[in-house]
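In what follows, a single structure is set out as structure tokens and then discussed.
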There are 2 protein chains.
Amino acid sequence: MSADHLETLSHIAVRKAYKRGEMIFHEGDKGNGIYIVETGRIKVFKLSMDGKEQILHIYGPGHTFGEVPVFQGKNFPASSMALEPAGIIFLPRDRFVKLLTTTPALGMNMLADLSRRLRDFTVQIEALSLKEVPARLAAYLLTLSREQDNEARVSLPISKAQLSNLIGTTPETISRVFKKMGDAGLIEVQTRTIEIQDKEGLEELSESGRL
Amino acid sequence: MSADHLETLSHIAVRKAYKRGEMIFHEGDKGNGIYIVETGRIKVFKLSMDGKEQILHIYGPGHTFGEVPVFQGKNFPASSMALEPAGIIFLPRDRFVKLLTTTPALGMNMLADLSRRLRDFTVQIEALSLKEVPARLAAYLLTLSREQDNEARVSLPISKAQLSNLIGTTPETISRVFKKMGDAGLIEVQTRTIEIQDKEGLEELSESGRL
DNA sequence: ATAAAACCTTGATTTGAATCAAGACACCAC
DNA sequence: GTGGTGTCTTGATTCAAATCAAGGTTTTAT
């Protein structure tokens, strides 16, 4: 959803402020509209029976989420929580659908958005199934660097505990792999910040090399 | 895409017959239209550097695939191959887009279809990240049973080698887990067929129980 | 029908990462 | 600053599943 659409629909939507750690919706809930991040960041995630978590998305300002039940008529396939204080706009289903039918371009935007998510998921499935933790972590650092203006110094936007839930491992393993990467001269780890010292090496590692 | 749309557009589309094992498109190719399965079955999959495969979808008659690049304007995020002799309709991008703009209901169908795939992917990511192989295999058998009229006798639609690529493991592990499930009295394995003997037990196992 | 090619099973071994268990460090409020 | 809480690291151990290896079976093509 683009910024101008956001402007247009703001008067028929509901704003709500969420505290850090507050749930926005739960897996299995009925979805009665879509959500738009105004400020802050949120995660969409699944929990296993024994409490392990897998993060599916992390979204910031401008992103929409929670559409799947609107289009598909079932419940939320995952849960959502604010990672920090966040302002979220909720747009009720019927208003969103009306908007969609009266604004053809919005439908195309939505198709493109869902397609991007499908692409992201294929990357995530590939990572979980075909790559080992060092390769996944290297790929994540490179993605971060790309998002942050290709700087060598990259700041971690989430805690390492959250990071382990995002790439599908444990905090202990993250710690050990960062250390090995440091020993190999690929990165230098600071608190909340990583200095990329060998981008080529990281790229090779991310494409299934060994550490 | 529903059957009646299929009928409508058949005269502006191209049919092609694929042999078992023949590639339909490769990851990274430019996507210039959408594909519709008329007969047979196809898989959409990713390959790792060292040749391991992860299947993302298996589609049969009536399913469309290959839309992501059409809506998103990039390349195919995965590859596609015929699992058996298959008849596939190719609908060029511009014709599909025109159809989409002149048929609002088609757009909604497409949004629902992509949403269903997103939901399927969340299930797959959850399985790969949070469940062990026995749980994934149990879940797959239950899904098959549901698809096949809830019969206790379920026929495997793909080889065990392909099955291992679908649930993210190896043929050896599939073999061993089937055997353990048999020993536990959950199933009885025949050639190309599984007899479900303890549905409750399988359900419990699929929800993260131990074998 | 027969040969060839896939595919499947079983056993022995290795391996990557999880788990368990302490400590160390960083960040916050007061 | 100081105490406390939550987060991170490091080491020892366990575990699920991959890999390697070899024999057996089914399927496919000719």
Side-chain angles (χ1 to χ4, degrees), chain A residues 19-21 48-54 83-85 127-138 155-183 187-194 205 208-211, chain B residues 19-22 40 43 48-55 81-85 127-138 155-183 187-194 205 208-211:
Chain A
K19 291 193 263 264
R20 167 194 163 91
S48 74
M49 217 67 38
D50 53 327
K52 273 190 298 183
E53 173 180 320
Q54 172 66 47
L83 283 171
E84 50 196 71
L128 286 170
S129 171
L130 304 176
K131 292 179 172 181
E132 299 180 350
V133 171
R136 289 183 231 159
L137 193 50
S155 68
L156 295 176
I158 50 178
S159 73
K160 283 172 194 165
Q162 292 296 315
L163 177 54
S164 71
N165 290 335
L166 182 62
I167 74 170
T169 183
T170 60
E172 292 97 324
T173 296
I174 292 273
S175 216
R176 288 185 241 269
V177 172
F178 268 149
K179 196 175 186 199
K180 275 199 208 162
M181 284 178 171
D183 292 349
I187 61 172
E188 190 164 316
V189 186
Q190 283 107 17
T191 316
R192 285 265 155 186
T193 266
I194 305 282
L205 177 58
S208 101
R210 265 319 134 76
L211 197 58
Chain B
K19 290 193 264 267
R20 168 194 164 91
E22 194 176 352
K43 66 178 172 186
S48 74
M49 217 67 38
D50 53 326
K52 275 188 297 183
E53 174 180 318
Q54 172 66 46
I55 297 179
M81 178 188 280
L83 283 172
E84 50 196 71
L128 287 171
S129 172
L130 304 176
K131 291 180 172 180
E132 299 181 350
V133 172
R136 290 183 232 158
L137 194 49
S155 68
L156 295 176
I158 50 177
S159 72
K160 283 171 193 164
Q162 291 297 317
L163 177 53
S164 72
N165 290 334
L166 182 61
I167 73 169
T169 183
T170 60
E172 292 96 326
T173 297
I174 293 273
S175 217
R176 289 185 241 269
V177 173
F178 268 150
K179 196 176 186 198
K180 274 199 209 160
M181 284 178 170
D183 292 349
I187 61 172
E188 190 165 316
V189 186
Q190 285 107 15
T191 316
R192 285 265 155 188
T193 267
I194 305 282
L205 177 58
S208 102
R210 263 319 134 76
L211 196 58

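Values in this document were obtained by computation on a predicted structure and should not be read as measured data.
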**Q.** Passing candidate, side chain to side chain contact (heavy atoms under 4.5 Å, CB included) with A:Arg192, options A:Ser155, A:Ser159, A:Pro157
**A.** A:Ser159
Q) For the side chain of A:Pro171, counting heavy atoms from C-beta on, which of D:dA18, C:dT9, D:dT9 is nearest? A) D:dT9
Q) So how far is it from A:Glu132 CD to A:Thr169 OG1, rounded to the nearest 0.5 Å? A) 11.5 Å
Q) Out of C:dC7, C:dT10, D:dG11, which nucleotide sits closest to the side chain of A:Arg176? A) D:dG11
Q: Could you state the atom-to-atom distance from CG of A:Leu156 to P of D:dC8 in whole Å?
A: 10 Å
Q) What's the spacing between B:Leu205 CG and B:Lys131 NZ if we round to 0.5 Å? A) 9.5 Å
Q: State which of D:dA16, C:dC8, D:dC8 makes the closest approach to the side chain of B:Ala161.
A: C:dC8
Q: Indicate yes or no: at least one non-hydrogen side-chain atom of B:Lys180 is less than 4.5 angstrom from one of B:Leu137.
A: no
Q) To the nearest 0.5 Å, how far apart are CD in B:Gln54 and CG in B:Leu128? A) 5.5 Å
**Q.** Integer-rounded Å distance: C:dT15 P and B:Lys52 NZ
**A.** 14 Å
Q: For the side chain of B:Thr169, starting at C-beta, report the closest nucleotide among D:dA18, D:dT9, C:dT9.
A: D:dA18
Q. For the side chain of A:Lys179, counting heavy atoms from C-beta on, which of C:dG16, D:dC8, D:dT10 is nearest?
A. D:dT10
Q) Would you say B:Thr173 reaches D:dA18's phosphate, i.e. side-chain N/O to OP1/OP2 under 4.0 Å? A) yes
**Q.** Heavy-atom side-chain proximity of B:Val189 to B:Lys160 below 4.5 angstrom
**A.** yes
Q: Send over the distance from B:Ile174 CD1 to D:dA18 P, rounded to a whole Å.
A: 9 Å
(Q) Please pick, from C:dA18, C:dA26, D:dA18, the nucleotide with the shortest atom-to-atom distance to any side-chain atom of A:Thr191. (A) C:dA26
Q: In whole angstrom, give the distance that lies between atom CD of B:Gln162 and atom P of D:dT27.
A: 15 Å
Q: By nearest nucleotide on DNA chain D, pick out whichever of B:Thr170 and A:Glu172 is the more 5' one.
A: A:Glu172
Q: Measure from CG on B:Asp50 to C1' on C:dT15 and round the result to the nearest Å.
A: 15 Å
Q. Tell me, which of residues 129-137 of chain B have any heavy atom that sits under 4.0 Å from an atom in DNA chain C?
A. none
Q | Sugar-phosphate, base or nothing in reach of A:Arg192, heavy atoms under 4.0 Å | A | nothing
Q: To the nearest 0.5 Å, tell me how far A:Ser164 OG sits from A:Ile158 CD1.
A: 8.5 Å
Q. Rounded to whole angstrom units, what separation is found between the NZ atom of A:Lys160 and the P atom of C:dC27?
A. 11 Å
Q: Give the rounded distance in Å between these two atoms: NZ of B:Lys180 and P of D:dA17.
A: 8 Å
Q. Expressed in angstrom and rounded to an integer, what is the separation of B:Phe178 atom CZ from C:dC7 atom P?
A. 16 Å
